[in-house]
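Just so it is clear, the values below take in all heavy atoms, side chains as well, and ignore hydrogens, waters and symmetry mates.
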Amino acid sequence: MYSKQKNRKAKAGLLLIASPRFKNLGEGLPHGTYGERKAMQIEEILGTLDFLDVIFPGIVYEREDAVRAMERFYLEKADFIIAEFLSWSEDFAWIRFLRDMPEVPMIFVNVAKERMAFRDTLDEDDFIEYLCSGTLVGSLEGSGSLPRVGRKHVRIVMGSREEVTGRIRTFAAAARVRSLLQQSNLGLLANYNEAMWSTYFDPYALFTKIGPEIHFLPYSTYGEVIDGVNDTVLNAYCDDLTARYRMMDDVDPEKFRASVRASIGLAEMARMSDSDILVFNDIDQAMFRLVGLRAGFYHPWFNENISVLVPEADTGAGLICYILKLLSGRHVNFLEPFHIESEFGTFAGGHAGPNDHNDSSWQENVVIARDVRFAKTDYRYAGAPFAWYRISPGRKTLAQLVEENGRYKLICGMAESLPGDHILTTYSHSIFRPDVPVGRFFEQILRVGSTQHFGVVDGDYRRELKEVAALMDFDYCPIE
């Protein structure tokens, strides 16, 4: 998928319902008719939604308005719908919309004002304002049809305009992810990981229940792509890496170039296959025999194209890293927890292979170093280097996506990545302190049932992940 599509705003259909019998009441009054007042209110509402690409077909008064709204929302591919009663209204158009609109997530909102603009309704102008202010009665009337019609993926929100807008923002982020997943591709290079059966995902269910189309990419093509990397491209990336990062003295120049060439090959494989998620079986011996090494660098192409690369053929980890990427737009790392040090309330975590080291704010945390795990093997480029990254410090979201008996579990929690030196050879890594006691943190995960791989991103994305889980029918498992 083109990066422009993945960078787009969430697209919202705005369904605003008002009463046809009130529309022309109030002609000649100081504040205008009911319909004129509602038209003015639209500008206020749209002004709070500038973070969205809004499809607004006009206020829904009649059946024809509801039909026109449905047609536009469907044809223009709204990610979700914002539904709001602007006052009490007849509910025939609303129920028709609920019955006939194809399934799309909906957030049903009611905005409560701090106080009314009128004291009593003795004056006709104030009486019209009273009619305009009856949003609660409209929402109550409309709410019963949601379960009766059986709409799925509906979120109900009430609060001030500011509070409601904040909830819409979170819902929009999740709905956008849901839509983008349905348009995405996952490339598996080249097969499932026989060393880790727990990472297996049903490819049919992946497409029908989550969205991405899976493509199996052969190692033979990867080998041809590596051989086809020209010297100009290779030299440019080598120069970029050595300009940004310190290189250890024992790195072999030929093996460095081989690792860089193989890393360019991964990016090219993703580009050629239009893969938004490249899942790489980087410990397969067939790959080592063909290529002679494990690619050690996370090519900038992945970030430029809002895509991700993960190792060890873990499809679930690739999906959660991609979801975090779409939600945050930030650098996403891949890790597995190694061990706990209960005295300090911490755990060590990281992973071998290519890991996103491209954050320019933390390039001093990267050293080009030998992959000592494979240095004593007989592969052609044994010990070829990689970007040894001390994962940036800060509070981070850790998340997993796991398949279980046809359903999916989204597990997430928070941890602080601590500053420090490079201490674990071969692995990009950090020391983490979870928000909750470290033993309790992992005991909860063990009880849920998981795998060892996590996606990690700066910031707190738990609210967005909870909404993603709800819209995708995942079981949401917060670790807290």
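The distance from atom CG of Leu241 to atom OG of Ser263, rounded to the nearest 0.5 Å, is 8.0 Å. Once rounded to the nearest 0.5 Å, the distance linking OG of Ser273 with CG of Asn185 reads 7.5 Å.
Residues passing the side-chain contact (heavy atoms from CB on, under 4.5 Å) test with Ala66, sequence neighbours excluded: Val60, Ala93. Residues satisfying the side-chain hydrogen bond (donor to acceptor under 3.5 Å, both in side chains) criterion with Asp125, sequence neighbours excluded, are His31, Arg37. Residues passing the side-chain contact (heavy atoms from CB on, under 4.5 Å) test with Ala78, sequence neighbours excluded: Ile55, Phe73. For His331, the ring pair (Phe, Tyr, Trp, His ring centres under 6.0 Å) criterion is met by no residue, not counting sequence neighbours.
Ring centers of Tyr237 and His299: under 6.0 Å apart, within the cut-off. Between Tyr245 and Tyr389, the ring center distance fails the sub-6.0 Å criterion. Note: Trp88 and Phe22 meet the aromatic proximity criterion, with ring centroids under 6.0 Å apart. Checked against the 6.0 Å centroid criterion, the rings of His429 and Phe338 do not qualify as a close aromatic pair.
With respect to the salt-bridge test (charged N to carboxylate O, under 4.0 angstrom), the residues Lys409 and Glu404 qualify. Salt bridge status for Asp473 with Lys209: absent, with no side-chain N to carboxylate O gap under 4.0 Å.
Within a 6.0 Å sphere centred on CZ of Arg8, heavy atoms belonging to other residues, nucleotides or ligands number more than 12. At most 12 heavy atoms of other shown residues, nucleotides or ligands fall within 6.0 angstrom of atom OH in Tyr74. Other residues, nucleotides and ligands place more than 12 heavy atoms under 6.0 Å from the CE atom of Met116. The environment of CD in Glu76 is crowded: more than 12 heavy-atom neighbours from other residues, nucleotides or ligands sit within 6.0 Å. The environment of Phe51 atom CZ is dense: over 12 non-hydrogen atoms of other residues, nucleotides or ligands sit within 6.0 angstrom.
Looking at Leu189 and Leu266, their side chains come closer than 4.5 Å, going by heavy atoms from C-beta outward.
No option in Leu327, Val468, Asp79 other than Asp79 meets the side chain to side chain contact (heavy atoms under 4.5 Å, CB included) test with Arg176. Considering Arg167, Arg161, Glu162 as possible partners of Thr165, the one that fulfils the side chain to side chain contact (heavy atoms under 4.5 Å, CB included) test is Arg161.
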For Lys325 and Asn303: C-alpha separation, side-chain torsions, deciding distance, then whether side-chain hydrogen bond (donor to acceptor under 3.5 Å, both in side chains) applies. CA-CA 9 Å; Lys325 186 75 172 178; Asn303 286 314; 2.4 Å; yes
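Every pair passing salt bridge (charged side-chain N to carboxylate O under 4.0 Å, His left out) that includes a residue from residues 131-157 is listed here, sequence neighbours excluded: Arg155-Glu467. Note on residues 47-65: pairs passing side chain to side chain donor-acceptor pair (under 3.5 Å), not counting sequence neighbours, are Asp65-Arg68.
Ring-plane geometry between Phe97 and Trp94 is classed as parallel, the angle between the planes falling under 30 degrees on a 0 to 90 degree scale with a further cut at 60. Using the six-membered ring where Trp is involved, Phe442 and Phe347 have ring planes that are perpendicular, over 60° apart on the 30 and 60° scheme.
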